[in-house]
Amino acid sequence: MHPRLLFVCVENSCRSQMAEGFAKALGGDAIDAHSAGSKPSGIVNPKGIASMKEIGIDISTHTSKGLDVISGEWDAVVTMGCGDACPNVPAKRRLDWALEDPKHMPPEEFAKVRDDIKARVEALLAELRA
């Protein structure tokens, strides 16, 4: 059984999508990674897609989806900083990364948030493997 990871933010359009993309790229077949939102926007932020593409990760096929399509228990549920907007999802472990939403940031600031997400996903994957 592979560790199940769920990344949650309100719109499921940017931060949680990038985190899912990193988890899949870095964890490969050893990780079951997903993302969802409490109020999904219905689109993946084009700036997020472009920013991830810059570093060789394609999230262009991801879809923005709600928590209503998520089921089961998760090894870790990570909220991106949406606080009370994220409903309770069964999880063995909960983390809140309290990341600023980069959707209106210029590209260089957006990239800093992306790189922060990558570092956090790497650390989480290392912990799960230990």
Side-chain angles (χ1 to χ4, degrees):
M1 193 77 178
H2 300 304
R4 297 185 78 215
L5 305 178
L6 178 62
F7 300 97
V8 180
C9 65
V10 175
E11 293 184 343
N12 186 226
S13 69
C14 197
R15 292 167 292 174
S16 56
Q17 292 287 348
M18 290 191 291
E20 177 187 354
F22 279 125
K24 288 179 174 179
L26 300 169
D29 293 337
I31 297 293
D32 183 17
H34 299 270
S35 66
S38 55
K39 295 179 184 173
S41 67
I43 62 160
V44 178
N45 185 316
K47 288 170 70 174
I49 293 170
S51 185
M52 293 294 281
K53 188 175 183 177
E54 286 176 7
I55 58 169
I57 298 175
D58 182 7
I59 63 169
S60 65
T61 60
H62 286 202
T63 57
S64 174
K65 57 206 160 298
L67 288 162
D68 57 329
V69 300
I70 299 301
S71 62
E73 185 175 0
W74 301 86
D75 292 290
V77 172
V78 181
T79 54
M80 300 290 118
C82 53
D84 294 336
C86 292
N88 191 16
V89 176
K92 294 177 184 172
R93 182 174 180 194
R94 296 183 179 285
L95 300 162
D96 183 17
W97 288 349
L99 296 164
E100 190 175 350
D101 189 348
K103 71 180 173 183
H104 298 299
M105 292 180 178
E108 58 279 355
E109 294 299 314
F110 195 105
K112 287 179 185 177
V113 174
R114 177 202 63 207
D115 295 346
D116 187 11
I117 292 170
K118 179 183 180 187
R120 291 170 188 251
V121 169
E122 287 173 330
L124 178 58
L125 294 176
E127 289 174 26
L128 291 171
R129 289 181 185 127

Beyond-backbone contact of Asp75 with Lys92, side-chain heavy atoms, under 4.5 angstrom: yes

Side-chain heavy atoms of Leu5 within contact of Ile31, under 4.5 Å: yes

Heavy-atom closest contact (Arg114 atom, Ser51 atom, distance): NH1-O, 2.8 Å

Heavy-atom closest pair, residues Gly48 and Cys14: CA-SG, 4.4 Å

Ile57 versus Ala25, closest heavy-atom pair with distance: CD1-CB, 3.8 Å

Glu109 vs Pro102 side-chain heavy atoms within contact, under 4.5 Å: no

Ala33 versus Lys24, closest heavy-atom pair with distance: O-CE, 3.1 Å

Distance in Å, Met52 CE paired with Ile59 CD1, rounded so as to fall on 0.5 Å steps: 5.0 Å

Short side-chain to backbone donor-acceptor contact, Lys103 and Asp101, under 3.5 Å: no

Verdict with supporting geometry, Ile55 and Phe22, side-chain contact (heavy atoms from CB on, under 4.5 Å): CA-CA 10 Å; Ile55 58 169; Phe22 279 125; 3.5 Å; yes

NE2-NE2 distance between His62 and His34, expressed to the nearest 0.5 angstrom: 10.5 Å

Plane angle bin for Trp97 and Phe7 - parallel if under 30°, tilted between 30 and 60°, otherwise perpendicular: tilted

Spatial distance of atom CE (Met18) from atom CG (Leu99) [nearest 0.5 Å]: 8.5 Å

Minimum heavy-atom distance between Ser16 and Cys9, given as atom pair plus value: OG-SG, 3.0 Å

Asn12 CG to Ile70 CD1 distance, which is reported to the nearest 0.5 Å: 8.0 Å

Lys47 side chain vs Met105 backbone, donor-acceptor pair below 3.5 Å: yes

Carboxylate-amine/guanidinium proximity below 4.0 Å for Lys112 and Glu108: no

Polar side chain donor-acceptor pair, Thr79 to Asp96, under 3.5 angstrom: yes

Ser41 side-chain N/O to Ile43 backbone N/O, donor-acceptor pair under 3.5 Å: yes

Other residues, nucleotides, ligands: >12 heavy atoms within 6.0 Å of Lys118 NZ: no

Between CG on residue Leu95 and CE on residue Met80, distance to nearest 0.5 Å: 9.0 Å

Atom pair CZ/CG of Arg129 and Leu124 - distance to nearest 0.5 Å: 9.5 Å

Under 3.5 Å donor-acceptor, Arg4 side chain and Glu73 backbone: yes

Main-chain N/O of Ser60 paired to Gln17 side chain as donor or acceptor, under 3.5 Å: no

Ser64 (side chain) donor-acceptor with Gly42 (main chain) under 3.5 angstrom: yes

Taking every non-hydrogen atom, the tightest pair across Ala23 and Leu125: O-CD1, 4.3 Å

Other residues, nucleotides, ligands: >12 heavy atoms within 6.0 Å of Glu100 CD: no

Side-chain donor/acceptor of Asn45 to backbone N/O of Ser13, under 3.5 Å: no

